[in-house]
Engineer: 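First, the structure itself, so that you have it in front of you.
Just so we're on the same page: letters track the sequence lines, and every chain starts at 1. What you see is a predicted model, and the numbers here were worked out from it, not measured in a lab.
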2 protein chains.
Amino acid sequence: MARWQPDARGRLEAAALELFGERGFDQTTVTDIAARAGLDKRTFYRLFGDKREALFSGSGHLEEILVRAVTDTDADPFEAVITAFRRVAQVMFADRLDLIRVRHSIIEASPELQERELRKIGSLAAAVATTLRAKGLHETTATLAAESGITVFRVAYARWVAPGSDASLADLIAETATELRTIVSAWGGRG
Amino acid sequence: MARWQPDARGRLEAAALELFGERGFDQTTVTDIAARAGLDKRTFYRLFGDKREALFSGSGHLEEILVRAVTDTDADPFEAVITAFRRVAQVMFADRLDLIRVRHSIIEASPELQERELRKIGSLAAAVATTLRAKGLHETTATLAAESGITVFRVAYARWVAPGSDASLADLIAETATELRTIVSAWGGRG
DNA sequence: TACGGTGATGTCGCAAGGTGACATCGATGG
DNA sequence: CCATCGATGTCACCTTGCGACATCACCGTA
């Protein structure tokens, strides 16, 4: 085969997205993906840790932006996380809404991909918590702020991708955070 | 081999726990597990969906108890979830603390097992959210209460399994929920 | 132009996960 | 004594993922 094709990684990602969309994740072999990209199966595994990773390349970038946004503020922990997510929403989820929807439906259709997404989200939360702790917060406080912030983002994101939604992701995040505060504040105390 | 050995499922679970603890998850093959239990690899796959499931048999029971506890109260949603978790903590995490710790350390040492645990927790949250919605709550409210309740449980659980902790899980849950309320309530509003 | 190094890719083989199809055994009922 | 049925064993197979090695393009240098 022709070697040194440009952007091997990008072409493999595109091929994987196409094939997962056409046949589903399980019905697509790594050999299929590599063939569509004009490459070998072994090359795929050199660029991606496993078959699922082809759909999660952006998560590293997302973590980077999020951590920086949390660092660059001195607000209260929860507010810092929510603000950071709203900024991320404006940067990373502004365009290509069609591709985002396709990706979402592919993940939704495969338990394995859902597991991987949960892991990515978990490591995102861990990174945010570490950042908050580095700012002098107590471990439990940092973890709780990070985890509940991520929860808000996930719920808002789910509402945003749902068909028939027109609000912006940033607005949905703020709205969802407000509702979380209402729910939690209503709690009486040591149950 | 001798057939019709009693409690094949239980013996496979025990064998898996032992071997994962001795060599780690990756260094243990399904054939190893089946051999230690005196059974065949194919029998393992008939009783468990995949290799990881041998460590997560209790999650169905946990979901059942949790859903019932949420159903049997008419408190505010967040309080209902927290109370339910505290009740579960007293029922399911009272004895066998040594086994719980072993299981926890095994999962902690394997990314694949962490992924599976996250999925189990996610389906737990979904079940609780469904239960809350059945009580007439709005979708977003139900999801947020369920997810943040689970977050509280996870953080409390992490503190509880950590070496050198002596507080009860139920108390840690209440304490963590209080701290979450403090963090979220401190938030100013629409960022 | 020739030469050697370097890095990305292809080729091959293999252990392990996971599954379908079929054989086999034990118990149970007639 | 035989038929049946459900749980298990056996075999063959595909796919994932990886180690080891060969190969090609490119690049600097003489």
Side-chain angles (χ1 to χ4, degrees), chain A residues 1-57 106-107 109-117 119-120, chain B residues 1-57 106-107 109-117 119-120:
Chain A
M1 289 193 186
R3 296 178 181 216
W4 288 98
Q5 306 209 37
D7 195 21
R9 186 180 177 98
R11 296 215 326 286
L12 283 167
E13 285 174 11
L17 192 74
E18 289 172 19
L19 287 166
F20 292 165
E22 292 171 12
R23 324 175 186 168
F25 180 79
D26 290 323
Q27 280 62 48
T28 303
T29 72
V30 174
T31 305
D32 292 335
I33 300 171
R36 175 159 306 197
L39 295 165
D40 189 82
K41 164 191 164 192
R42 198 66 185 83
T43 297
F44 179 95
Y45 281 112
R46 270 192 277 257
L47 294 172
F48 301 95
D50 60 50
K51 187 173 149 187
R52 290 174 275 173
E53 279 299 307
L55 270 185
F56 294 93
S57 65
I106 290 174
I107 293 174
S110 159
E112 297 179 65
L113 290 172
Q114 288 170 40
E115 289 195 4
R116 175 55 51 85
E117 183 166 68
R119 169 170 152 186
K120 293 292 187 187
Chain B
M1 289 192 186
R3 296 179 182 217
W4 287 98
Q5 305 208 39
D7 195 21
R9 186 180 177 98
R11 296 215 326 288
L12 284 167
E13 285 174 11
L17 192 74
E18 289 172 21
L19 289 167
F20 293 164
E22 292 171 14
R23 322 175 186 168
F25 180 78
D26 290 322
Q27 280 62 46
T28 303
T29 72
V30 174
T31 306
D32 291 336
I33 300 171
R36 176 158 306 197
L39 295 165
D40 188 83
K41 165 190 164 192
R42 197 66 183 83
T43 299
F44 179 95
Y45 282 112
R46 269 190 277 256
L47 294 171
F48 301 95
D50 59 51
K51 188 174 153 187
R52 292 174 274 173
E53 278 299 305
L55 270 184
F56 295 92
S57 64
I106 290 173
I107 294 174
S110 160
E112 297 179 65
L113 290 172
Q114 288 170 39
E115 288 194 6
R116 176 54 52 84
E117 184 167 66
R119 169 169 151 187
K120 293 292 186 185

Engineer: Decide yes or no on side-chain contact (heavy atoms from CB on, under 4.5 Å) for A/Asp50 and A/Arg116, but give the supporting numbers first.
Structural biologist: CA-CA 11 Å; A/Asp50 60 50; A/Arg116 175 55 51 85; 2.9 Å; yes

Engineer: Give a yes or no on whether a salt bridge exists between B/Glu53 and B/Lys120, defined as a side-chain N under 4.0 angstrom from a carboxylate O.
Structural biologist: yes

Engineer: Write down the distance between CG (A/Asp50) and P (D/dT16), rounded to a whole number of angstrom.
Structural biologist: 11 Å

Engineer: Starting at atom CD of A/Gln27, determine the distance to atom C1' of D/dT16, rounded to an integer number of angstrom.
Structural biologist: 15 Å

Engineer: Using heavy atoms to find the nearest nucleotide of DNA chain C for B/Arg52 and A/Ala8 separately, return the residue whose nucleotide is more 5′.
Structural biologist: A/Ala8

Engineer: Whole-Å distance between D/dC18 P and B/Asp26 CG?
Structural biologist: 10 Å

Engineer: Rounded to whole Å, how long is the line connecting atom CZ of B/Phe44 with atom C1' of C/dG18?
Structural biologist: 11 Å

Engineer: To the nearest Å, give me how far apart CG (B/Asp7) and P (D/dT8) are.
Structural biologist: 11 Å

Engineer: For the side chain of B/Arg9 and the backbone of B/Leu47, is there at least one donor-acceptor N/O pair under 3.5 Å apart?
Structural biologist: yes

Engineer: Taking atom types as they are modelled, would you say the side chain of B/Lys41 forms a donor-acceptor pair with the base of C/dG18 within the 3.5 Å cutoff?
Structural biologist: yes

Engineer: With rounding to the nearest 0.5 Å, note down the distance linking NZ in A/Lys51 to OG1 in A/Thr29.
Structural biologist: 7.0 Å

Engineer: Which one, C/dT9, D/dT8, C/dA16, comes nearest to the side chain of B/Thr29?
Structural biologist: C/dA16

Engineer: Taking NZ, NE, NH1 and NH2 as the nitrogens, is one of them in B/Glu117 or B/Arg52 under 4.0 Å from a carboxylate oxygen of the other?
Structural biologist: no

Engineer: Ignoring backbone atoms, test whether A/Thr31 places a side-chain nitrogen or oxygen under 4.0 Å from the OP1 or OP2 oxygen of D/dT15.
Structural biologist: no

Engineer: Specify the separation, in whole Å, of atom CD of A/Glu112 and atom P of D/dG17.
Structural biologist: 9 Å

Engineer: With no angle test and no hydrogens, is the base of C/dG20 tied to the side chain of B/Arg42 by a donor-acceptor pair under 3.5 Å?
Structural biologist: yes

Engineer: C/dG18 phosphate, OP1 or OP2: any side-chain N/O from B/Tyr45 under 4.0 angstrom?
Structural biologist: yes

Engineer: C/dA21 C1' sits how many Å from B/Asp40 CG, rounded?
Structural biologist: 15 Å

Engineer: Of A/Leu47 and B/Phe48, whose closest DNA chain C nucleotide lies nearer the 5' terminus?
Structural biologist: A/Leu47

Engineer: Using whole Å, what does the distance between atom P of nucleotide C/dA8 and atom CZ of A/Arg46 come to?
Structural biologist: 10 Å

Engineer: Would you mind telling me which of C/dA21, C/dG17, C/dT9 lies closest to the side-chain atoms of B/Val30?
Structural biologist: C/dG17

Engineer: Which nucleotide, C/dG17, C/dG10, C/dT11, lies nearest any side-chain atom of A/Leu39?
Structural biologist: C/dG10

Engineer: State which of C/dG17, D/dG9, D/dT15 makes the closest approach to the side chain of B/Lys51.
Structural biologist: C/dG17

